[in-house]
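First the structure, in the form of structure tokens, and then the observations on it.
The chain is numbered in sequence order, starting from 1. Just so you know, these numbers come straight off a predicted model, no measurement behind them.
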Amino acid sequence: QNVINRGIELTKEYDEEIPEIECYPDELNQVWVNLIQNSIHAMDSKGKLTICIKKENSNLRVDIIDNGKGIPIEVQSKIFQPFFTTKPAGEGSGLGLGIVEKILEKHEGKISFESEPGKTRFTILLPIK
């Protein structure tokens with residue numbers, strides 16, 4: 001919250017009614033924290049972060065969008081691999097997105113992303129039961 005208050009412009013776009021889902025809340029919280037921290041890092045703690053939540057068919061869809069430097073095309077296929085990181089030595093373990101993917105699989109959810117310089121969007125789909 002402190003980093004967001006200092007340099008990040010946060011926009012929240014939520015449907016009026018967000019359906020409840022069956023989940024392990026602490027685990028999903030870890031998903032959101034990892035994705036938001038990655039976005040903040042990609043923007044060097046200054047930029048625009050947008051979080052969208054809406055119902056899409058039989059899923060809850062969550063988009064986390066930043067205007068950071070983007071994920072280089074040559075590493076996009078590796079970002080969910082354990083221990084892969086684009087961060088300098090000592091700044092990241094490379095476990096964050098691998099853990100995110102495992103948590104979402106446990107919830108029968110999916111994660112995808114699109115990235116280019118100036119815009120990265122992670123989309124999470126979680127089934128509504």
Closest heavy-atom contact between [X] and [Y]?
{"X": "Gly109", "Y": "Leu126", "value": "CA-CD2, 4.2 Å"}
{"X": "Leu49", "Y": "Ser39", "value": "CD1-CB, 3.8 Å"}
{"X": "Pro25", "Y": "Cys23", "value": "CD-O, 3.3 Å"}
{"X": "Pro127", "Y": "Asn59", "value": "CA-OD1, 3.4 Å"}
{"X": "Lys55", "Y": "Asp15", "value": "N-OD2, 3.0 Å"}
{"X": "Glu20", "Y": "Ile128", "value": "O-CG2, 4.0 Å"}

Do [X] and [Y] belong to the same hydrophobic cluster, where Ile, Leu, Val, Met, Phe, Trp and Tyr are linked whenever their side-chain heavy atoms lie under 4.5 Å apart, directly or via other members?
{"X": "Leu28", "Y": "Val33", "answer": "no"}
{"X": "Val62", "Y": "Leu97", "answer": "yes"}
{"X": "Val100", "Y": "Trp32", "answer": "yes"}
{"X": "Leu104", "Y": "Leu125", "answer": "no"}
{"X": "Ile65", "Y": "Leu60", "answer": "no"}

Got a second to check how far [X]'s [atom1] is from [Y]'s [atom2], nearest 0.5 Å?
{"X": "Glu108", "Y": "Ile21", "atom1": "CD", "atom2": "CD1", "result": "11.0 Å"}
{"X": "Asn38", "Y": "Phe122", "atom1": "CG", "atom2": "CZ", "result": "6.5 Å"}
{"X": "Lys129", "Y": "His107", "atom1": "NZ", "atom2": "NE2", "result": "9.0 Å"}
{"X": "Ile36", "Y": "Ile8", "atom1": "CD1", "atom2": "CD1", "result": "10.5 Å"}
{"X": "Ile64", "Y": "Leu35", "atom1": "CD1", "atom2": "CG", "result": "4.5 Å"}
{"X": "Ser45", "Y": "Met43", "atom1": "OG", "atom2": "CE", "result": "8.0 Å"}

Donor-acceptor contact below 3.5 Å, side chain Glu101 vs main chain Ile111 =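 Looks like no, no N/O pair under 3.5 Å.
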So, Asn67 side chain and Gly47 main chain: donor-acceptor pair closer than 3.5 Å or not?
->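 Not at all, since once roles are kept as given, no pair shorter than 3.5 Å links the two residues.
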For residues 61-74, which residue pairs qualify under salt bridge (Lys or Arg N to Asp or Glu O under 4.0 Å), counting only residues two or more places apart or in two chains?
->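 Listed by first then second residue: Asp44-Lys69, Glu56-Arg61, Arg61-Asp63, Asp63-Arg121.
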Just wondering, more than 12 heavy atoms not from Tyr14 lying within 6.0 Å of its OH?
->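 Above 12, so yes.
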Are Glu13 and Thr50 close enough, and set up right, to give a side-chain contact (heavy atoms from CB on, under 4.5 Å), and what steps lead you there?
-> CA-CA 7 Å; Glu13 300 174 2; Thr50 303; 4.0 Å; yes
